[in-house]
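As the structure is a prediction and not an experimental result, all values here were calculated from the model. Counting starts at 1 for both ligands and their atoms, following the listed order.
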Amino acid sequence: MGEANKNIRNFSIIAHIDHGKSTLSDRFIQYCGGLADREMEAQVLDSMDLERERGITIKAQCVALDYKARNGETYHLNFIDTPGHVDFSYEVSRSLAACDGALLVVDASQGVEAQSVANCYTALDLNLEVVPVLNKIDLPAADPDRVCQEIEDIIGIEATDAVRVSAKSGIGIEDLLEQLVERIPPPKGDPDAPLKALIIDSWFDNYLGVVVLVRMIDGEMRKKMKIRFMSTGRDFQVERVGIYTPKMKDLDVLRAGEVGFMISGIKEIAAAKVGDTITDAQKPATTPLQGFKEIQPRVFAGLFPIESDQYENLRDALSKLKLNDSALFYEPETSQALGFGFRCGFLGMLHMEIVQERLEREYNLDLISTAPTVIYEVVLTNGEKQFIHSPSELPVVNKLAEIREPIIIGTILVPQEYVGNVITLCMEKRGMQKNMQYMGNQVSLTFELPLAEVVMDFFDRLKSCSRGYASFDYAMDRFEPAPMVRVDVLVNGEKVDALALMIHRDFAQSRGRMLVEKMKDLIPRQMYEVAIQAAIGSNIIARSTVKAMRKDVTAKCYGGDVSRKRKLLEKQKEGKKRMKQVGSVEIPQEAFLAVLKVSDK
Ligand SMILES: Nc1nc2c(ncn2[C@@H]2O[C@H](COP(=O)(O)OP(=O)(O)OP(=O)(O)O)[C@@H](O)[C@H]2O)c(=O)[nH]1
């Protein structure tokens with residue numbers, strides 16, 4: 001049996017947002033000479049503008065670096081970047097599964113933040129060597145001793161000899177690289193066994209087609225070789241293999257332990273799924289690598305163009321986004337109120353926001369989105385089962401035997417002082433406590449929760465009731481019968497299908513009332529009174545009224561200041577962009593999302 005290259009180190013960086021992951025990785029690239037200075041354009045790894053602006057990393061990427069260590073040996077470092085949000089937790093777990101170790105970067109002026117804790121546990125579960133690093137020691141507020149103690153208490157790893165660095169000024173970078181090659185083990189893997197490669201990521205490139213980022217586990221992958229994707233059984237011929245330095249560099253072969261790209265004439269990324277195993281079509285491995293999961297959209301919302309002539313543009317834009325986002329789902333949807341649009345499926349709320357923002361920004365579309373809902377499984381009286389993605393698809397009552405809602409298992413990590421608040425919140429969200437464990441000053445809570453409650457305002461509430469310290473991670477578990485009802489909203493006596501929502505029977509009354517109150521404040525006054533009602537079937541459960549407008553909004557500007565008047569009108573026009581004429585009433589975007597702001601407190 002051979003041995004994978006002992007001078008390879010595959011690692012990832014785990015860090016809370018803003019603790020300096022991008023700055024540190026840039027410093028590594030600079031130190032190891034991957035790019036000329038002028039190419040070191042701010043933060044190479046986050047390649048999408050949107051990522052940069054939001055300061056979050058969405059797609060995993062990789063850089064291969066050569067580090068000449070003090071012992072004279074040259075080490076090949078593969079830095080695999082991971083996305084940083086719970087919506088993408090499956091991608092994070094696959095990026096980590098491709099590594100043998102991880103640097104836990106903590107801002108020495110802040111301390112351990114809950115968000116990176118969950119990723120750290122994932123890394124430890126995968127048997128990765130976790131190396132703590134204290135960053136920003138140049139800051140006067142840095143308190144490395146306190147932060148070391150926190151790392152030991154919360155994460156439970158030895159941190160007394162954690163390297164102290166400043167990614168910004170470069171202090172300690174060499175010491176860190178030394179510790180990295182010393183502590184993170186080389187890849188295991190067998191170069192002589194049949195090919196096994198883990199798909200870390202895949203994306204569509206306009207020039208190259210689908211590019212697949214792989215971690216080689218066993219065997220080798222050569223140009224011209226015939227390979228097989230084990231989850232689908234589909235075969236392709238390898239056209240190119242290579243590494244990112246971070247520029248693309250072609251090679252003849254990728255060997256066990258290495259990380260690199262593979263291109264093979266694949267047309268859509270759905271054929272190269274994250275987490276799948278690639279093997280040799282001639283000499284296939286018997287079992288795939290563990291942990292492969294099909295990712296499925298969990299949250300659905302309608303997206304409608306404000307101007308109906310933008311429908312085709314929206315379709316084009318969605319098909320382009322889909323090229324690079326296998327988790328995005330869409331199909332045409334027609335709403336009486338909003339016209340033609342699409343029902344779209346997302347991994348979670350952040351994913352939804354990102355897609356919507358890209359549609360508006362990169363494709364210049366003005367959209368109205370309906371409030372997100374989850375998938376329900378319904379059982380009909382004739383025993384048939386179906387999934388519904390929108391309240392409007394709910395079958396009529398006399399055909400309906402049962403509605404089943406999705407239940408998730410959520411893990412929350414929170415400092416002790418906020419445990420009470422978090423438990424109260426979870427109970428209020430119909431949660432069932434499953435476990436509670438103390439770890440240093442932190443507590444790990446496990447709850448079963450209806451996904452529908454999580455997509456509402458759960459994140460915001462969790463954050464505010466824990467002062468931002470709680471972190472949350474979840475996994476889909478099952479569908480379970482629940483007494484859900486559809487609440488319709490009527491504006492001026494007309495049912496607005498796009499405003500309908502599914503609510504647990506026990507909350508229908510109270511949430512219906514809060515919803516109409518909220519909408520009353522959001523719908524601008526018209527020349528006449530507008531009634532807003534919530535109803536279950538033909539039974540009105542709540543009502544409010546938008547009072548008629550009393551005077552012209554521009555009236556108060558009379559007195560000659562023309563520019564001020566123009567400004568006001570322009571402002572109104574701006575506001576209009578996000579409104580949709582429904583019957584005789586203009587409804588603003590916020591009103592469609594008002595249900596998300598309806599809490600039981
Ligand atoms: N003073 C000081 N500032 C630093 C240091 N490292 C990073 N920063 C600053 O901290 C901020 C966040 O750094 P980033 O590298 O963007 O953080 P990040 O963890 O990649 O953030 P996300 O991409 O949002 O996850 C930036 O303004 C950096 O300039 C450091 O060692 N010292």
Original post:
Parallel, tilted or perpendicular: which describes the rings of Tyr67 and Tyr31, with under 30° parallel and over 60° perpendicular?
Top reply: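 The arrangement is tilted - the two ring planes meet at 30° to 60°.
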Original post:
Can you tell me if CG on Asn435 sees more than 12 non-hydrogen neighbours from other groups inside 6.0 Å?
Top reply: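 It does: Asn435 CG has more than 12 such atoms within range.
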What atoms of ligand 1 come closer than 4.0 angstrom to any heavy atom of [X]?
X: Ser166; answer: 30 (C), 31 (O), 32 (N)
X: Lys21; answer: 15 (O), 17 (O), 18 (P), 19 (O), 20 (O)
X: His16; answer: 19 (O)
X: Leu139; answer: 1 (N)

Original post:
Counting only heavy atoms, which portion of Val105 has something under 4.0 Å from ligand 1: side chain, backbone, both, or neither?
Top reply: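 The answer is neither; Val105 stays 4.0 Å or more away.
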Original post:
What part of His19 sits under 4.0 Å from ligand 1 if we count only heavy atoms: the side chain, the backbone, both or neither?
Top reply: backbone
Donor-acceptor pair, distance only, cut-off 3.5 Å: does the side chain of [X] make one with the backbone of [Y]?
X: His19; Y: Asp107; result: yes
X: Arg9; Y: Ile184; result: yes
X: Arg94; Y: Gly275; result: no

Taking N or O atoms only and a 3.5 Å limit, does [X] qualify as a polar contact for ligand 1?
X: Ala15; value: no
X: Thr23; value: yes
X: Gly20; value: yes

Original post:
Looking at Val212, Leu213, Asp325, which one forms a side-chain contact (heavy atoms from CB on, under 4.5 Å) with Trp203?
Top reply: Leu213
Original post:
Would you say the side chains of Thr446 and Gln433 form a donor-acceptor pair under 3.5 Å?
Top reply: no
